[in-house]
Amino acid sequence: MTTAASPADHAAALDAHRRRLGPIHLRTLLADPGRPARLSLEAGPLHADVSRQKLDEAVLAELAAWADASGFEARRDDLFAGRIANPTEGRPALHTALRGVGGDAAVASAVAAQRARMTALANRLREGALPGFRGMPITALVCLGIGGSDLGPRLVCDALRGPGDFDVRFVANVDPDDLDRELDGLDPATTAFAVVSKTFTTRETLANADAARAWLLAGGCPPDAAAAQFIGVTAAPEVAHRRGFLPELLLEFRDWVGGRYSLWSSVGFGIAVRCGPAAFDALLDGAAGIDRHFRDTPVATNLPARLGLVSVWNRAFLGLPTQAIIPYAERLRLLPAWAQQLVMESNGKSATLEGGRIARATSPVVWGTSGTNAQHSFFQQLHQGPDVVPVDFIVARESRTAPTSAGDDRHRILVANCLAQAAALALGREAGDGDLHRHFPGDRPSTLITLPRLDASALGALLACWEHATFTAAVVLGINPFDQFGVEYGKVMAGSVERLLAGEAPAGLDPATLASAARLRG
């Protein structure tokens, strides 16, 4: 009887493929004209081409087999069924149910009820039916949150913004300058605040909320009227009630919504206000299409799964520690920051699900900015530096902005630069006279993700794709992508240091921290 190969067997086979492919330059692999078609997948509006990655069909097949042997199907089924997908915290991870895919009837009913509340409140703001303390309509909403309560909604609003949108602004940093800058030009009588916090105990967010209330009072708002200009978004409504938030201005979400997966919930209230509930629905629909593809498609032809496996191949097998995300779309300039939290907070772990130590590297360091700006910033190092950095390029076939004239070829220039950079990184160039200053080694991997046009549906598909790619990587690495104890420990330490700066003497702080605090306390 033949024994099925274990995950370790497949990992060993992948190591052998790494050694086999090491001497083969990407320009040799790309000499095959059929390679792009064979190494590309489509799902919804997304097309992903990994032909410029340092791999071949044998590697992709082995990665898929490794995923199968690692229990990919069972973990995926648990995710969509609402079973415990976050074992260290004993919770499901049902962000897909926010998009109408997965979960049971009770979950769907709860999601629909909150969606209706959010839509109604968003429409009140957009229609001028929510007055400020002087009776004039609210015309600006300032969203106070941090991390997952900020990055996703901020990205979507920036990507989908259009002329005449409701004025929605975002404040995340507890640095007083952040709130001060966003309040510039606003009138306290016509400004509302959305305080977004899962637990409603986030120190930075609540400190900004207190400062916002003080700004309202300084602008003439009576103390007993301030609550009418604050909207709470939380999984802990009872805590918000105790802080004086009005029940009719509270939006809820469940504790099975992780922060970095929460833009699809009431956390996306700012999106519904700025872009409109119809755009929010289209965002969800685009994500739901990818959810169904990810749920129903075998791993070998599953687009998000492939992206996750390729990322693991680059990090855990090729030993490449970082991954650049370069959207050739200024509307996606915040995408790298969103993906940074998603990937690194989810998979930046060293412990297995069983509590052991992982033998291989896990998450890459994710970074990037928009092209073509990036070309005039750090692409010099990507092309000629000693470190190889895999790149994910994202580009749309059509621009959302209409040409200003018949000769306006800016979008064609944008697309040309994107394709040229991917080709140059892969192929390189030999200096004819041996001058290393003009030598480009090439053999530098990238993935090209294309979409027809950056609209709400395509953006939803793109973000959901990244979520599922991150989950797939976690499955084969054997980790839990849904907890974040490192973040929580940092909050505990910050509380101790804050007490120290206030003049207390908390125990357990090291001499360097004590000395630094003494210097900064003045």
Side-chain angles (χ1 to χ4, degrees), residues 75 78-79 82-96 98 144-155 172-174 196-206 233-236 239 253-268 308 311-312 315 322-323 325 334-358 361-367 463-464 466-498:
R75 292 275 300 276
D78 288 345
L79 179 73
R83 292 188 281 270
I84 299 300
N86 178 0
T88 55
E89 297 180 304
R91 286 201 287 251
L94 270 171
H95 44 279
T96 63
L98 298 168
L144 310 177
I146 197 167
S149 297
D150 171 80
L151 290 166
R154 188 192 291 256
L155 159 63
N173 204 324
V174 74
V196 187
S197 171
K198 183 173 183 176
T199 61
F200 234 71
T201 60
T202 307
R203 186 75 175 98
E204 302 98 320
T205 299
L206 295 182
V233 183
T234 183
V239 181
F253 58 99
R254 299 300 179 91
D255 67 358
W256 40 252
V257 180
R260 54 199 175 277
Y261 303 90
S262 65
L263 71 90
W264 320 97
S265 71
S266 300
V267 170
S311 178
V312 174
R315 181 70 184 101
T322 80
Q323 179 177 344
I325 295 176
L334 301 180
L335 177 66
W338 172 84
Q340 192 174 64
Q341 187 206 18
L342 172 69
V343 175
M344 296 174 69
E345 194 167 283
S346 295
N347 292 348
K349 318 277 174 66
S350 299
T352 66
L353 283 167
E354 294 76 24
R357 184 166 293 277
I358 294 174
T362 55
S363 173
V365 174
V366 175
W367 60 285
L463 301 185
W466 239 294
E467 289 179 349
H468 294 314
T470 303
F471 173 79
T472 302
V475 169
V476 296
L477 292 167
I479 60 180
N480 176 10
F482 299 117
D483 61 19
Q484 56 278 326
F485 293 116
V487 176
E488 293 163 17
Y489 179 59
K491 292 178 181 179
V492 172
M493 289 294 292
S496 296
V497 176
E498 187 179 341

Heavy atoms only: give me the nearest [X]-[Y] pair and the separation to one decimal.
| X | Y | value |
| --- | --- | --- |
| Gln323 | Pro364 | OE1-CG, 3.5 Å |
| Ser265 | Ser262 | OG-O, 2.7 Å |
| Ala85 | Phe482 | O-CD1, 3.4 Å |
| Lys198 | Gly258 | NZ-CA, 4.2 Å |
| Gly82 | Pro92 | O-CB, 3.3 Å |
| Ser363 | Gly348 | CB-N, 3.7 Å |

I need the [X] [atom1] to [Y] [atom2] distance, nearest 0.5 Å.
| X | Y | atom1 | atom2 | result |
| --- | --- | --- | --- | --- |
| Asn347 | Thr472 | CG | OG1 | 10.0 Å |
| Met344 | Thr362 | CE | OG1 | 9.5 Å |
| Asn86 | Leu353 | CG | CG | 9.5 Å |
| Glu89 | Trp256 | CD | CH2 | 15.5 Å |
| Thr205 | Phe200 | OG1 | CZ | 9.0 Å |
| Leu94 | Leu79 | CG | CG | 7.5 Å |

Taking the side chain as every heavy atom from C-beta outward, state whether [X] and [Y] have any pair of such atoms under 4.5 Å apart.
| X | Y | value |
| --- | --- | --- |
| Val312 | Leu477 | yes |
| Leu151 | Leu334 | no |
| Thr234 | Val239 | no |
| Leu263 | Leu155 | no |
| Leu463 | Trp264 | yes |
| Ile84 | Asp78 | no |

Does a sphere of radius 6.0 Å around CZ in Arg83 hold more than 12 heavy atoms from other residues, nucleotides or ligands, not counting ones at 6.0 Å or beyond?
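It does: Arg83 CZ has more than 12 such atoms within range.
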Return yes when atom CZ of Arg91 has more than 12 non-hydrogen atoms of other residues, nucleotides or ligands closer than 6.0 Å, and no otherwise.
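Correct, the count exceeds 12.
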Do side-chain atoms of [X] reach the backbone of [Y] as a donor and acceptor pair under 3.5 angstrom?
| X | Y | answer |
| --- | --- | --- |
| Ser350 | Arg357 | no |
| Lys491 | Arg203 | no |
| Lys349 | Ala474 | no |

Measure up the Trp466 and Trp338 rings against each other and bin them: parallel (under 30°), tilted (30 to 60°), perpendicular (over 60°).
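Rings of Trp466 and Trp338: perpendicular, as their planes differ by over 60°.
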Can you name the one residue among Gln341, Gln484, Gln340, Glu467 that meets side chain to side chain donor-acceptor pair (under 3.5 Å) with Arg260?
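It is Gln484; the other options fail the test.
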Set out, in order, the CA-CA distance, both residues' side-chain angles and the distance that settles side-chain contact (heavy atoms from CB on, under 4.5 Å) for Asp483 and Glu488, then state yes or no.
CA-CA 10 Å; Asp483 61 19; Glu488 293 163 17; over 6 Å; no
